[in-house]
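For reference, the structure is listed below as structure tokens.
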Amino acid sequence: MNWITNYVRPRINSIFSRRETPENLWQKCDDCGTMLFHRELSENLNVCTNCGHHMGITPRERFLALFDGGVFSQVTVPEPVSDPLSFRDQKKYPDRMKAAQKMTGEPEAMLVATGEIGRTPIVAAAQDFSFMGGSMGMYVGNAIIAAAEEAVRLKRPLILFSAAGGARMQEGILSLMQMPRTTVAVQMLKEADLPYIVVLTHPTTGGVTASYAMLGDVQIAEPNALICFAGPRVIEQTIREKLPEGFQRAEYLLDHGMLDRVTPRTELRDELITITRMLLGMPPAVKGDLPKPDMAEPAPAEPETPAKE
Amino acid sequence: MTQYLDFEKPLAEIEGKAEELRALARQNAEMDVEAEATALDAKADKMLRDLYKDLTPWRKCQVARHPERPHCQDYIAALFSEYTPLAGDRNFADDHAVMGGLARFNDRPVMVIGHEKGNDTKSRIERNFGMARPEGYRKAVRLMEMASRFGLPVITLVDTPGAYPGKGAEERGQSEAIARATETCLQIGVPLVSVIIGEGGSGGAVAFATANRVAMLEHSVYSVISPEGCASILWKDAEKMREAAEALRLTAQDLKQLGVIDRIIKEPLGGAHRGKSATIDSVGQAIDAMLTELDGKDRAALISDRRRKFLNMGNKGLAA
């Protein structure tokens, strides 16, 4: 540290990177390039108000918008052994972890919560693509198992939002073993006759797609999400031909029978409420604002235990 | 003569020299080369021992991929009788990268399923180098479910670089097919034992190896990603595969320590391809032993054992 780093460099940087607007207030749409005001963008769940492009959203942001009144409680995930292989590539795995934790403010790549959506009790799990590409390691496996166990215990459906580049290479074979482990979690839900709904978001690829993300009772994807086992670049290198427009995107998968629905993020909450309530045999959700107290009719009673039986 | 791997080059020279001497002697009866040739043999033998005493992970990958390594069809031919191949996924096609069917193992009827890589250019292309498409996994699902209905143990032989990354494979749901195969492995109410005989490549291997008991040949590998793939992603340089192979802990020895596999099957000196029938015999004994361990367990116990095994996996790391 000397005066050059402390003083000169910031000044030089400020001259060269002078922006017309303060940082963070405006964000450019990755797709159409429109400058979007941050407040408007986050109110629209990080979907471009101009072109409808879906940008990344963290699990916490998603849950705040998903659950009634933004209220949810987090489910504790059992901590796995950290850095089981003492893995080191160009960086040490623990250093990569620390950097990701610092950047995201989250301990790992998945958040599990319980709460209500449209007065429908659910368990939700969401993968965080901004945390080391959402990669599936032992923690993510533990999170999905914890989510399934909680759903079974509370007799609630599980809604899972996937987003990942695949397995976490730094955990080697143990990341691969999350494929069977998470499949066991899905089986627990099925045996308890509880709905398991997967929302595939951009991108969901590799071992994640080849396990829990493809085993939902209902498979929904966000528009234009990349969903695949092998990525387009790998395939192009293997078969040495150009891939068709829209290949491995949500709409393409819908056409090929791999998904039930493609639903914009802004309509997702209502759709999830509708589907879960039907699968659980509950009456339709009353939509819109509650009527004023003096003219209120009694709302349809809700069963105390929402699950079947 | 066997095909030598790059690290076996010095060995190839010595063995070549010995062979050359003997060839000369055959042409010229007066020459006595036996003493010299025997000395070379001894030297080669020692070198082979030294080379294979402590193979690096990358060298193990090379041995696991050796073209002359015994393949699924060699095991089936030698260890099983009345092998009756069953074909097709009943939806789209029969995938030749996956072979399987009814057979008898020590007279006991079983279902055997495995990846087959092929052993010459023609058969390798036909087998797609052991890289299965969705049809292959769906055929395996069909066979496993049939086995479960009729109470036949399932034996899987894993040897695949990975699931095939192709356009049609993706369109027909490669990931869903793998996920269903893993799910089926976990659901069937019969003993499921698996042997990784060569390469255990990622999801394509898991789809068959989510078993009650998993064994690995001494120099086979089992990994989340190929060392080359890992190197190109994490090192941004596919040539760093040696480092990646080291870091991934993909050897049978590491996997045993991690509790991912249950047993290691010894290979003859110099790898399975230098002693095919001995290797096949050892694999047969391991399958027999694993099936015996599962004898007497009912459907529920087999399913819950399998589940518990995978749920508990990863509780311990490698000793530093």
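Below, read A as the first sequence line, B as the second, and so on, with proteins coming before strands; counting in each chain starts at 1.
Counting heavy-atom pairs closer than 4.5 Å to chain B, the top residue among L174(A), L243(A), I173(A), D255(A) is I173(A). Between chain A and the options L311(B), T182(B), I233(B), V206(B), the largest number of non-hydrogen pairs under 4.5 Å is found for L311(B). Interface check for chain A: of the options N312(B), T210(B), L234(B), the most heavy-atom pairs under 4.5 Å are formed by L234(B). Heavy-atom pairs under 4.5 Å with chain A peak, among Q174(B), M313(B), R249(B), E171(B), at E171(B). If you tally non-hydrogen atom pairs under 4.5 Å between each of Y252(A), F229(A), Y212(A) and chain B, the highest count goes to F229(A).
Cation-pi contact between R138(B) and F92(B): absent, since separation from the ring centre below 6.0 Å together with deviation from the ring axis within 45° is not met.
When heavy atoms are compared at a cutoff of 4.5 Å, L186(B) approaches chain A by way of both its backbone and its side chain. Contact of L250(B) with chain A is not made at all, since no heavy-atom distance falls under 4.5 Å. With a 4.5 angstrom heavy-atom cutoff, Q187(B) touches chain A via backbone and side-chain atoms both. Neither the backbone nor the side chain of R306(B) comes within less than 4.5 Å of any heavy atom in chain A. For S223(B), the part lying near chain A is the backbone, with the side chain staying farther off; criterion is any non-hydrogen pair under 4.5 Å.
The closest side-chain donor-acceptor pair between T204(A) and S162(A) falls under 3.5 angstrom. The closest side-chain donor-acceptor pair between Q62(B) and R59(B), if any, does not fall under 3.5 angstrom.
Using cut-offs of 30° and 60° for the angle between ring planes, the F208(B) and H115(B) rings count as parallel.
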(request) Please report the C-alpha distance between R299(B) and S148(B) in whole Å, then the side-chain angles of each, then the deciding distance to 0.1 Å, and finally whether the side-chain hydrogen bond (donor to acceptor under 3.5 Å, both in side chains) criterion is met. (result) CA-CA 9 Å; R299(B) 300 179 81 88; S148(B) 185; 3.0 Å; yes
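With rounding to the nearest 0.5 Å, the separation of CG in D260(A) from CD1 in I275(A) is 8.0 Å.
Other residues, nucleotides and ligands contribute more than 12 heavy atoms inside 6.0 Å of the CG atom of D95(A).
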